[in-house]
Amino acid sequence: MFNKRTRIKDLLQSDKVNYQTTVMGWVRTFRNNQFIALNDGSTNNNLQVVVALGSLDETTLKRITTGACIKAVGEIIPSLGKGQKVELTATSVEILGDSDAEKFPLQPKKHSLEFLREIAHLRFRTNTFGAVFRVRHSLAFAIHEFFNKKGFVYLHTPIVTASDAEGAGEMFKVTTLPLDGTAPKNEDGSINFKEDFFGRSTNLTVSGQLEGELAAMAFSDIYTFGPTFRAENSNTTRHLAEFWMIEPEMAFSDLEDNMNLAEEFIKYIIRYAMEHNKEDLEFLTQRLDEEEKQKPQNDRSEMGLLQKLEFVVNNDFERITYTEAIDILKESNHNKKKKFNYLIDKWGVDLQSEHERYLVEKHFKKPVILTNYPKEIKAFYMRQNDDGKTVAAMDILAPGIGEIVGGSQREERYDKLTERMTEMHIPLEELDWYLDTRRFGACPHAGFGLGFERIVQFVTGMGNIRDVIPFPRYPKSASF
RNA sequence: UCCUCCUUAGCUCAGUUGGUUAGAGCAUCUGACUGUUAAUCAGAGGGUCGCCCGUUCAAGUCGGGCAGGGGGAGCCA
């Protein structure tokens, strides 16, 4: 067996000293021809491997370069230097993989996030991305743990879908037909998808919600957690063409149950990361502090990253209706002094991100749950309220990120649902399978969608969503 | 897709009213030193100034187009 190593994390956490061990990892820096800062990805902290002067031959010494992969055998002892508690005095060092220092792009210095994005295959080896992706892992794990504890069934909804009526966004087409113009055609000149692989036109999924509802009408509580695709030409710090989404769906639930679950869920996974990724979050807090120092005074956030997470976990989210939000915005000095690009003058308008940011960052200074939006600006499946004007929708807005959750109580009444679909020109026959849930044993139910990368952004403090997914896909970019 | 800013060495950036041979720090290489913490000190190598077209005696510098990137907006998660 080759792997008889100790993980650096375990080694640094333990107080044990004076024992022989083997470590393997990648060289971060090699100082003074003696001190190797070794990292194996188990933690952000490096192990100092000390090579006694003259103990290694000249050629091996030369091969210990930034980025090289090595195996070191020796004794763990209390460190003679100041920066660390323990260190390993190496009796042997073996080069597992060389790294040409002249060509290896990562240098022992600060790099811009934009540069690292171009070398996404190597950026895992930096402190920042090491921390980000360990936190991402923890959040993903916590999500499954949370729902499992609550008795939710993890449902795998299809990635290739025939439904294009949901209207969540532009879709990527899936086809095996030739793209050179020789694809079989109908009489009217359109592509004949009956000849395609699935015998019909198919796309990559934009949401698993409708399928999730089907399963909730049998298991009571389900959740999905998988990749989702939007072919929107969005170029922002919070949109991706391929992203991961969590979509719980609960039978026997109304809008309030939905909000309660969403809030408990968000707090649970943040708390989990705070408990299991303390060092990573401390590092990211420090990183963000340094980044904030570059900004002008007014643009700096009042709280550090950990402080902000602490605050979110320990305080109730603010819950207000759309109507109340409009009143607050209309009466705000910001609106009166015409500081908004889009002034709030009447009920019914959709909120712009400047308004959402004002509510979350200026007015309440905490996450806000907005409910009961006008039905005109929301999807067909949301439950119509008795006032005839609004639907039982809820959006959770987070400071710095904006919309992090979108959800609603679903319209379970067959007549109301089909009436709304007809108004919105959604063909009933396409979603006949969905309508079956309303025909056979319908019940009040609710659910929401949470963008995984956005919560990772929130927890890690990363400004650009492209830096919280290993290999981001966005317009004009699908490298690696 | 729209608005706006940017593109000069491997990286981060200077580069004056257009004017000889384009600079710095870090990284790399060579040497010195040897309990260092992004080690330090000395020296060396490294550039088609994003691409194309134009203005001019002369363009890294001015103008136009294209490409790529950042930030903001829209769409949303």
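Naming: A, B, ... by sequence-line order, numbering from 1 per chain.
For the P atoms, the distance from B:rG47 to B:rG31 is 23 Å, rounded to whole Å. Comparing the same atom, P, in B:rA39 and in B:rC26 gives a spacing of 12 Å after rounding to whole Å. For B:rU20 and B:rG64, the C1' atoms lie 29 Å apart once the distance is rounded to whole Å. Spacing between B:rA9 and B:rC76 at atom C1', rounded to whole Å, works out to 42 Å. Atom C1' of B:rA32 sits at a distance of 47 Å from the matching atom of B:rA58, rounded to the whole Å. Distance check on atom C1': B:rU61 versus B:rG15 gives 9 Å, rounded to whole Å. Between B:rU17 and B:rG63, the distance separating the two P atoms is 14 Å to the nearest Å.
Ring orientation note: the planes of A:Phe225 and A:Trp244 are nearly perpendicular, at an angle over 60° on the 30°/60° scale. Using cut-offs of 30° and 60° on the angle between ring planes, the pair A:Tyr268 and A:Tyr272 is parallel. Between A:Tyr358 and A:His334, the ring planes lie tilted relative to each other; the angle falls in the 30° to 60° range. Using cut-offs of 30° and 60° on the angle between ring planes, the pair A:Phe471 and A:Phe480 is tilted.
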Got a list of protein N/O to nucleotides 4-10 of chain B N/O distances below 3.5 Å?
from   : atom 1 : to       : atom 2 : distance (Å)
B:rG10 : N2     : A:Gln107 : OE1    : 2.9
B:rG10 : N2     : A:Gln107 : NE2    : 3.3
B:rG10 : N3     : A:Gln107 : NE2    : 3.1

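Residue-level contact check: A:Gln48 touches the bases, meaning some heavy atom is under 4.0 Å from a base atom. Note on A:Leu240: a base of the nucleic acid sits closer than 4.0 angstrom, heavy atoms only. Within 4.0 Å (heavy atoms only), A:Gln84 reaches at least one base atom of the nucleic acid. As judged by a 4.0 angstrom heavy-atom cut-off over every strand, A:Thr228 is placed among residues making no nucleic acid contact. A:Lys103 comes within contact range of no nucleotide atom at all, as no heavy-atom separation falls under 4.0 Å. At a threshold of 4.0 angstrom between heavy atoms, the contacts of A:Glu87 include nucleobase atoms, whether or not backbone atoms are also involved. Contact annotation for A:Gly81: base contact, defined as any heavy-atom pair under 4.0 Å involving a base atom. Among the atoms of the strands shown, only primed sugar atoms or phosphate atoms (P, OP1, OP2) are found under 4.0 Å from some heavy atom of A:Arg117.
Of the two residues contacting RNA chain B, namely A:Thr66 and A:Val405, the nearest-nucleotide position lying further toward the 5' end is that of A:Thr66. RNA chain B is contacted by both A:Tyr474 and A:Asp395; A:Tyr474 maps to the nucleotide lying nearer its 5′ end (nearest heavy atom per residue).
For the OP1/OP2 pair of B:rC75 and a distance below 4.0 Å, the side-chain nitrogens and oxygens of A:Arg238 include no atom meeting the criterion. A close approach under 4.0 Å does occur between a side-chain nitrogen or oxygen of A:Thr237 and OP1 or OP2 of B:rG72. At least one side-chain nitrogen or oxygen of A:Arg31 sits closer than 4.0 Å to the OP1 or OP2 atom of B:rA39. Distances shown here put a side-chain N or O of A:Ser353 below 4.0 Å from the OP1 or OP2 atom of B:rA73. Put simply, A:Asn32 has no side-chain N or O that comes within less than 4.0 Å of OP1 or OP2 on B:rU36. The shortest distance between the side-chain N/O atoms of A:Asn464 and the OP1/OP2 oxygens of B:rG71 is below 4.0 Å. Contact check, A:Arg466 against B:rG70: a side-chain N or O comes under 4.0 Å of OP1 or OP2. Listed pair A:Thr29 / B:rA38 fails the phosphate criterion, with no side-chain N or O lying under 4.0 Å from OP1 or OP2.
Side-chain N/O atoms of A:Arg357 and A:Gln352 include no donor and acceptor closer than 3.5 Å.
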Would you write the dot-bracket representation of RNA chain B, where each base gets (, ), [, ], | or . depending on whether it forms a Watson-Crick or G-U pair under 3.5 Å and with which partner? (((((((..((((.....[...)))).(((((.......))))).....(((((..]....))))))))))))....

Pair A:Phe448, A:Asn258 - check side chain to side chain contact (heavy atoms under 4.5 Å, CB included), show working. CA-CA 7 Å; A:Phe448 62 84; A:Asn258 203 19; 3.3 Å; yes

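Electrostatic pairing of A:Lys150 and A:Glu264 counts as a salt bridge here, judged by a charged N lying under 4.0 Å from a carboxylate O.
The stretch residues 256-272 of chain A has no heavy atom under 4.0 angstrom from RNA chain B at all. In the region residues 365-374 of chain A, proximity to RNA chain B at under 4.0 angstrom, judged on heavy atoms, holds for none of the residues.
Between A:Leu12 and the options A:Val86, A:Thr6, A:Asn46, A:Ile76, a side-chain contact (heavy atoms from CB on, under 4.5 Å) holds for only A:Val86.
Between A:Leu88 and A:Gln48, the closest side-chain pair of non-hydrogen atoms is not below 4.5 Å.
Ring pair A:Phe243/A:Phe229: centre-to-centre distance not below 6.0 Å.
Applying the side-chain hydrogen bond (donor to acceptor under 3.5 Å, both in side chains) rule to pairs touching residues 60-83 of chain A yields A:Asp57-A:Thr60, A:Arg63-A:Asp98, A:Ser79-A:Gln84, A:Ser79-A:Glu87, sequence neighbours excluded.
Nearest nucleotide to the A:Val50 side chain, out of B:rC76, B:rU30, B:rG35: B:rG35. Minimum atom distance to the side chain of A:Asn235 is reached by B:rU1, of the listed B:rG71, B:rC76, B:rU1.
Under 3.5 Å, the side chain of A:His111 and the base of B:rC11 form no donor-acceptor pair of N or O atoms. At a cut-off of 3.5 angstrom, counting only N and O atoms as typed in the model, there is no donor on one side facing an acceptor on the other between the side-chain of A:Ser234 and the base of B:rC76.
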Solution key, residues 129-144 of chain A side-chain donor-acceptor pairs under 3.5 Å, sequence neighbours excluded:
from     : atom 1 : to       : atom 2 : distance (Å)
A:Arg134 : NE     : A:Asp280 : OD1    : 3.3
A:Arg134 : NE     : A:Asp280 : OD2    : 3.1
A:Arg134 : NH1    : A:Gly41  : O      : 2.7
A:Arg134 : NH2    : A:Asn44  : OD1    : 2.8
A:Arg134 : NH2    : A:Asp280 : OD1    : 3.1
A:Arg136 : NH1    : A:Glu453 : OE2    : 3.0
A:Arg136 : NH1    : A:Val468 : O      : 2.9
A:Arg136 : NH2    : A:Glu453 : OE2    : 3.0
A:Ser138 : OG     : A:Asn277 : OD1    : 2.6
A:His144 : ND1    : A:Tyr223 : OH     : 2.6

